[in-house]
Amino acid sequence: MTETQQTKIQVRNLSKVFGDDAKKALKLRDEGLNRAQILEKTGQTLGLSNINFDVREGELLVIMGLSGSGKSTLIRCLNRLIEPTEGDIIIGGENIPQLNDKALLHCRRRHFSMVFQNFALFPHRTVQMNAEYGLEIRGVAKAERAEKAKNSLKQVGLDGWEHAYPNQLSGGMQQRVGLARALANDSSVLLMDEAFSALDPLIRRDMQQELIELQHRMKKTTIFITHDLDEALNIGDRIILLRDGEIVQIGTPEEVLTRPADDYVARFTEGVDRSRVVTARRVMRPVRATARHDDGPRTVLRKMSENSLDSIYVVDRERKLLGIVEAEGVEEAAKAGKDSIRDLLETDFPHVNPEEPLATLYPMFKGKSFPVAVIDDEQRLLGVVVKGAVLEQLAQTGEQ
Ligand SMILES: Nc1ncnc2c1ncn2[C@@H]1O[C@H](COP(=O)(O)OP(=O)(O)OP(=O)(O)O)[C@@H](O)[C@H]1O
Ligand SMILES: [Mg+2]
């Protein structure tokens, strides 16, 4: 996701104390006591302490942390299923903690739908009727809710299953119904609390992939909770790491892996398969020189020798990548007095987009001696990846 994205939700100085003397707990917190000490002294749990972050429009933000770190508390404070003790949560110009009951109800309907870990489907309702549920309790007219539910079932790949009952579906399919029900509400933010944690590992992986695709298609702002690091790294545009009710780090999966905020995060990410997370963008190097498609062989040879290259990428006027030529061929063309390198152009060369993980790149080094070209959506050459850079990254651990 890009830096130019707009902010969807602002969370400022959010804290939550479970207990009847929140003031005291927060005072002790401000005096420097930690969660365990506050619990011992007052019997109250500091569920969240001074949480600050922005949710960007259209991103998939993962909140991750061990059991008890405050993930559910955080997501539930956002829509006030749990009443925050202090702080601001700003969405669409409204500050959620300050809304009265009526405004809160309205705000929830407009902005938030939840998908739960245990699917929470009604066994005696069909798939279609389950997907319609949220709309039904909002009093949406029958024809409209039927249409919306049908569309969202289609989005999650369940068209044709409208008349089935939940117990006729696999776990993965049941959770798709949960997802469809949330999507049908047409809220601006999707909240998913451990939504895939009850699924078998393989199905879970499938669902993660589908969520990523759905996310790209619909650009729905999604906050996804998990205690599973692999899941977080796999699906998150950004990850918020919570520990004991506090944020330890906010960053992209790559940042969390390659620049852990502290030893805790570094330990957490030890043993992670970096090849699935680190991307071509991170290891690519600038291209030393390129040839133009209308350069003559001698010009190309000069560029190559000046830059110690034995192959060189060829681009057109718009800097779009056309192919690659090798020194040998160019030399022969020069000797033969040819005035163009066009015939030499190899168009079958390895290339990837910058977000491609190293796991995909690595096999590309087999056989061919070319580096891997990194190109953008417009075919423009952004950089190259050499085998050594990939090996170097994969050899590193989380702590560096
Ligand atoms: N209603 C409550 N009353 C008292 N303490 C609570 C309450 N709800 C949560 N807590 C405490 O707040 C802390 C954070 O809980 P929370 O449920 O947010 O954690 P979590 O990160 O979602 O954990 P899990 O991965 O197990 O779901 C825990 O110490 C928990 O015991
Ligand atoms: Mg939880």
Side-chain angles (χ1 to χ4, degrees), residues 9 11-29 33-53 55 60-87 89 96-97 112-120 171 175 178-179 182 189-199 201 204 207-208 211 222-236 238-251 256 261-262 264-265 267-269:
I9 309 173
V11 178
R12 294 292 178 267
N13 306 318
L14 177 67
S15 297
K16 171 65 188 177
V17 176
F18 292 105
D20 47 18
D21 194 355
K23 269 214 173 95
K24 186 164 177 202
L26 291 180
K27 187 165 170 280
L28 292 175
R29 189 250 341 243
L33 271 64
N34 67 26
R35 188 197 237 186
Q37 293 165 323
I38 294 170
L39 181 64
E40 200 188 305
K41 274 210 150 110
T42 69
Q44 307 191 76
T45 303
L46 187 56
L48 293 173
S49 179
N50 204 12
I51 299 288
N52 288 282
F53 65 96
V55 184
L60 205 170
L61 179 66
V62 172
I63 297 172
M64 121 118 225
L66 298 174
S67 183
S69 57
K71 306 179 296 293
S72 296
T73 305
L74 177 51
I75 210 172
R76 282 160 188 267
C77 277
L78 295 184
N79 59 2
R80 263 175 72 187
L81 287 180
I82 291 178
E83 207 54 61
T85 304
E86 63 174 22
I89 300 161
I96 294 176
F112 298 106
S113 318
M114 279 190 107
V115 183
F116 302 93
Q117 174 174 1
N118 56 8
F119 318 150
Q175 190 53 301
L179 191 52
V189 182
L190 209 53
L191 304 177
M192 303 179 75
D193 191 349
E194 301 273 6
F196 299 156
S197 301
L199 302 173
R204 184 169 183 174
M207 288 297 284
Q208 291 169 4
L211 182 66
T222 303
I223 304 178
F224 187 103
I225 287 185
T226 183
H227 60 263
D228 184 278
L229 180 66
D230 275 327
E231 184 163 72
L233 294 170
N234 186 29
I235 67 173
R238 291 190 307 149
I239 298 172
I240 293 183
L241 261 148
L242 281 184
R243 179 186 47 189
D244 294 343
E246 292 179 41
I247 292 183
V248 198
Q249 183 164 12
I250 305 180
V256 169
D262 62 14
Y264 173 80
V265 182
R267 274 203 309 280
F268 220 94
T269 56

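Every value quoted in this text rests on a predicted model; they were computed, and no experiment measured them. Counting starts at 1 for both ligands and their atoms, in listed order.
Inside a sphere of radius 2.8 Å centred on the Mg ion (ligand 2), the protein N/O/S atoms present are Ser72 OG.
Contact between Met64 and Leu229 at its shortest, heavy atoms only, is SD-CA, 3.7 Å.
Between Ile247 and Asn52, every side-chain heavy-atom pair lies at or beyond the 4.5 Å cut-off. Counting only heavy atoms from C-beta outward, the side chains of Gln175 and Val115 approach each other to under 4.5 Å. For the pair Leu233/Thr269, no side-chain contact is recorded, criterion being any heavy-atom separation below 4.5 Å from C-beta on. Looking at Asn34 and Asp244, their side chains never come closer than 4.5 Å, going by heavy atoms from C-beta outward. Side-chain contact between Thr222 and Ile235: absent, with no pair of heavy atoms (C-beta onward) separated by less than 4.5 Å.
Applying the side-chain contact (heavy atoms from CB on, under 4.5 Å) test between Phe53 and each of Ile240, Leu14, Ile9 identifies Ile240 as the sole match.
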Apply side chain to side chain contact (heavy atoms under 4.5 Å, CB included) to residues Leu241 and Val256 and explain how you reach the verdict. CA-CA 9 Å; Leu241 261 148; Val256 169; 3.7 Å; yes
Test Asp230 against Arg204 for salt bridge (charged side-chain N to carboxylate O under 4.0 Å, His left out), laying out the working first. CA-CA 11 Å; Asp230 275 327; Arg204 184 169 183 174; over 6 Å; no
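Enumerated by chain and number, the residues approaching ligand 1 to less than 4.0 Å through a heavy atom are Phe18, Arg35, Thr45, Leu66, Ser67, Gly68, Ser69, Gly70, Lys71, Ser72, Thr73, Glu194.
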